[in-house]
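Sharing a structure below in C-alpha cells format, with a few things to ask.
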Amino acid sequence: MKRKLVAAIGIAGMVVSIAACGSDKKDDKAGADAKELTVWLTVDAQNNWPNLVKSADAAVQKAHPGIKIKHEYYGWPDKNTKLDAVLATDKAPDVVEMGNTEMLGYMVKGAFAPVDPAKFDNSAAWLDGLKASVTYQGQTYGVPYYAGGRVGTWRKDIAAASGIKAAPKTYAELTADLDKIQKKQGATFNAWYQPTRDWYAAMSFVYDAGGSIAKEEGGQWKASLSSPESLKGLNAWKTVIDTYMHGDKTKDESDRYIVYGQGKSDLMFAAAWEGATAADPKNDKTGKLKDNLENFVLPGPSGKNMPVFLGGSDLAVPVKSKAQGVAAEWINAFTGPEGQKGLMAKGNLPNNKTDLATLKSDPATVVPATAAESNWFVPMAPGWGQVEKAQVLQTMLQNIGTGKKSVEDAAKDADTAIDKVINTK
C-alpha cells in the first residue's frame with residue numbers, strides 16, 4: 001500500500017521541547033502507571049478490522065485494570081495535519097498510525113520516542129522494507145503494522161489471444177510474451193502500461209540491477225543513480241517504456257487503474273489492489289476484466305524476482321506521550337501473532353517474514369507473498385523528504401521517458417539535485 005511522504009509541517013519549531021521528553025525517567029514511570037491511553041488509527045482499522053482493536057484493548061485492560069482507552073480514527077489526507085497541530089501541545093496521542101513513508105520526516109525532527117524492538121513479537125523477522133521505515137540513525141522509532149506489495153497483473157484473454165498459456169517465469173519469457181501481445185494488438189496498444197513518472201516501478205529496475213537511489217558512507221548520504229548498476233537498471237526500464245508503453249509519457253501512476261479499465265493495456269506492475277479496482281464495474285469500460293485478470297510475481301532482468309517497494313503502515317509513540325510504556329504494550333498486543341493472523345485474513349501482508357512464509361502455501365496469497373520477499377525502501381536520510389517534495393525522481397524519469405535527456409544525463413542531474421538536500425534536516 002503506497003503512502004506519499006508528507007512533510008512534518010509545524011513540528012520543526014518544537015523539536016527542542018519534545019526531544020527533552022524522551023529520556024525523562026519520571027515520564028517513563030508515569031507511562032507504566034498510566035490511567036488513560038489515546039490511540040490514533042486510520043479508518044482502515046475502524047472499517048475493516050475493529051475486532052483486532054478490541055482485542056488489543058482487552059489485553060491492555062487485563063494487565064492494567066481500570067485504564068481508559070480512547071480511539072480516534074482519521075482518513076489518510078487528514079491525519080498528519082491534525083497530528084502536526086497536536087504535537088505542538090501537551091495533548092499528543094500515545095499511539096499513532098503512520099504510513100511507512102511518512103515516518104522519516106517525524107523521526108528526523110524528534111517527534112517519536114525510541115522503542116526497544118526486543119519487546120515486540122516477531123521483531124527479529126520484520127520485513128526488511130518495513131524495518132527500514134522505522135529505523136533512523138541506528139535507533140528504532142516505531143513498529144511495523146502491516147504491508148502491501150506490488151505484483152504483475154495482466155489480462156488472461158489478451159495473453160490467450162496471442163497463444164500464451166501461462167504467466168511468465170523469467171524476464172526473457174515476459175518480454176517474448178509482451179512482444180507477441182504488442183504485435184497482435186497493434187501499435188497503439190500498451191502491452192505494458194507503465195506510467196513514466198511512477199518512480200516506485202522504475203526504482204525496482206534500479207535495485208534489481210544492484211543499484212540504488214543513494215548510499216550512506218561515513219554518516220553522509222550520496223546519490224548513486226549514476227553508478228553503472230543504477231544506469232543498467234534505468235536503461236532496462238527505458239526499454240520497457242520505449243517498447244511497450246504507448247500512452248502519455250508525462251503521466252504518473254495515480255489514475256493507473258482508471259486508465260487500465262479503459263481496455264487498451266495488458267500488463268501493469270502495480271499495487272496488488274489496483275487490478276481489482278480496475279475491474280470494478282464503475283472503472284471497467286470493457287466489461288471483461290472481472291474474473292479475467294491474473295496476478296503473478298514479476299520477474300526482473302537480473303534473473304531474480306523483481307524487488308518491490310514495500311508500502312504499508314507503522315505504529316509510533318509520540319515523544320510527548322505520558323503513557324509510553326502502556327502504549328508499547330498496546331502496540332505489541334495489536335501487532336503480535338494473533339493480530340497478524342487477523343490482518344492477513346483481511347488481505348494484508350504481515351509485518352514479518354515468518355508469517356509471510358505461511359501465505360506462500362495458499363494459492364490465493366502465494367503471489368503477493370512471494371513478490372514481497374524481495375523488497376526495497378527509500379534512503380533513510382535526513383533530507384529525503386526534500387527529495388520527494390522536489391519530485392527529483394519523477395522529473396528524471398519523465399525526461400528519460402520522453403527523450404528530453406539521455407539516461408546518463410538525466411541520472412547525473414538527479415544525483416546533483418539529490419546531493420544538494422539529502423543530508424539536510
Side-chain angles (χ1 to χ4, degrees), residues 5-8 11-34 37-41 56 60 80 83-84 86-146 216 219 221 312-336 351-352 377-385 423 425:
L5 185 141
V6 180
I11 64 176
M14 63 183 177
V15 173
V16 175
S17 63
I18 62 177
C21 300
S23 59
D24 191 309
K25 295 186 183 300
K26 283 196 306 181
D27 284 352
D28 290 344
K29 183 176 180 181
D33 299 329
L37 190 73
T38 300
V39 178
W40 284 17
L41 299 171
V60 170
N80 286 7
L83 180 61
D84 294 341
V86 78
L87 286 178
T89 73
D90 61 355
K91 299 186 182 299
D94 302 298
V95 177
V96 61
E97 177 181 351
M98 304 293 296
N100 61 353
T101 58
E102 297 173 343
M103 285 289 295
L104 180 57
Y106 290 85
M107 293 191 294
V108 169
K109 299 299 184 183
F112 296 145
V115 298
D116 180 1
K119 294 183 178 180
F120 299 93
D121 295 320
N122 294 319
S123 60
W126 283 345
L127 297 178
D128 295 339
L130 292 186
K131 181 179 179 179
S133 74
V134 298
T135 306
Y136 180 65
Q137 296 185 338
Q139 183 72 58
T140 304
Y141 290 94
V143 177
Y145 174 10
Y146 66 92
E216 185 179 15
W221 287 84
S313 281
D314 300 321
L315 296 170
V317 179
V319 75
K320 279 193 168 184
S321 165
K322 296 179 177 62
Q324 292 181 19
V326 180
E329 292 179 38
W330 190 93
I331 291 174
N332 191 45
F334 190 53
T335 62
N351 67 2
N352 67 90
F377 200 65
V378 300
M380 297 301 284
W384 177 251
N423 292 297
K425 289 186 178 181

**Message:** Holding to side-chain contact (heavy atoms from CB on, under 4.5 Å), I want the full list of residues that pass it with A328, two or more places apart in sequence or in another chain.
**Reply:**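 F120.
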**Asked** Can you find a heavy atom in the side chain of P93 that is under 4.5 Å from one in the side chain of L83?
**Response**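 Yes. Closest side-chain heavy atoms under 4.5 Å.
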**Nearest atoms (heavy-atom pairs only) where K425 meets K109** =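 Closest pair (atom of K425, atom of K109, distance): C-NZ, 3.9 Å.
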**Request:** Check whether any side-chain N or O of K322 sits under 3.5 Å from a backbone N or O of A34 as a donor-acceptor pair, and report yes or no.
**Result:**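 No: the side chain of K322 does not pair with the backbone of A34.
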**Message:** How close do M107 and F112 get, counting heavy atoms only, and between which atoms?
**Reply:**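 Closest approach of M107 to F112, heavy atoms only: CG-CD1, 4.3 Å.
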**Prompt:** Mind checking what makes ring-ring contact (aromatic ring centres under 6.0 Å, His included) contact with W126, not counting sequence neighbours?
**Reply:**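 Not a single residue meets the ring-ring contact (aromatic ring centres under 6.0 Å, His included) criterion with W126.
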**pair Y106-L87: side-chain heavy atoms closer than 4.5 Å** =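 The answer is yes; the side chains approach within 4.5 Å.
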**Asked** Roughly how far apart are L127 CG and Y146 OH, rounded to 0.5 Å?
**Response**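 With rounding to 0.5 Å, CG (L127) is 14.0 Å from OH (Y146).
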**Asked** Mind checking what makes side-chain contact (heavy atoms from CB on, under 4.5 Å) contact with D116, not counting sequence neighbours?
**Response**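 For D116, the residues satisfying side-chain contact (heavy atoms from CB on, under 4.5 Å) (neighbours in sequence not counted) are A118, K119.
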**Request:** May I ask you to decide if W40's main-chain N or O and E97's side chain share a donor-acceptor pair within less than 3.5 Å?
**Result:**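 Answer holds: no.
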**Message:** Which residue in the set I331, V96, V115, N332 passes side chain to side chain contact (heavy atoms under 4.5 Å, CB included) when paired with L315?
**Reply:**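 Of the listed residues I331, V96, V115, N332, the side chain to side chain contact (heavy atoms under 4.5 Å, CB included) partner of L315 is I331.
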**Asked** What are the two closest non-hydrogen atoms of P318 and Q324, and how far apart are they?
**Response**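 Looking at all heavy atoms of both residues, the shortest contact is O-NE2, 4.1 Å.
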**Message:** Could you measure the distance from the CG atom of N80 to the CE atom of M98? Nearest 0.5 Å is fine.
**Reply:**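 CE of M98 is found 4.5 Å from CG of N80.
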**Message:** Just verifying a value: how many Å separate T335 OG1 and W330 CH2, rounded to the nearest 0.5 Å?
**Reply:**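 Answer rounded to 0.5 Å: 8.5 Å.
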**Message:** Give me the atom names and distance for the closest heavy-atom approach of L104 to M380.
**Reply:**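 Looking at all heavy atoms of both residues, the shortest contact is CD1-CE, 3.8 Å.
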**Prompt:** Does any N or O in the side chain of D94 come within less than 3.5 Å of the main-chain N or O of V39, such that one atom is a donor and the other an acceptor?
**Reply:**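 Checking the backbone N and O of V39 against the side chain of D94, no donor-acceptor pair under 3.5 Å is found.
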**Asked** In chain order, what residues pass the side-chain hydrogen bond (donor to acceptor under 3.5 Å, both in side chains) check against Y145, with sequence neighbours excluded?
**Response**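 Partners of Y145 by the side-chain hydrogen bond (donor to acceptor under 3.5 Å, both in side chains) criterion, ordered by chain and then number, come out as W49.
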Which donor-acceptor pairs under 3.5 Å do side chains of residues 130-142 form with protein atoms, sequence neighbours excluded?
| from | atom 1 | to | atom 2 | distance (Å) |
| --- | --- | --- | --- | --- |
| S133 | OG | L130 | O | 2.6 |
| S133 | OG | D314 | OD1 | 3.4 |
| S133 | OG | D314 | OD2 | 2.7 |
| T135 | OG1 | K131 | O | 2.7 |

**Item:** Minimal non-hydrogen separation, D121 against G336, with atom names
**Value:**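 Looking at all heavy atoms of both residues, the closest pair is OD2-CA, 4.1 Å.
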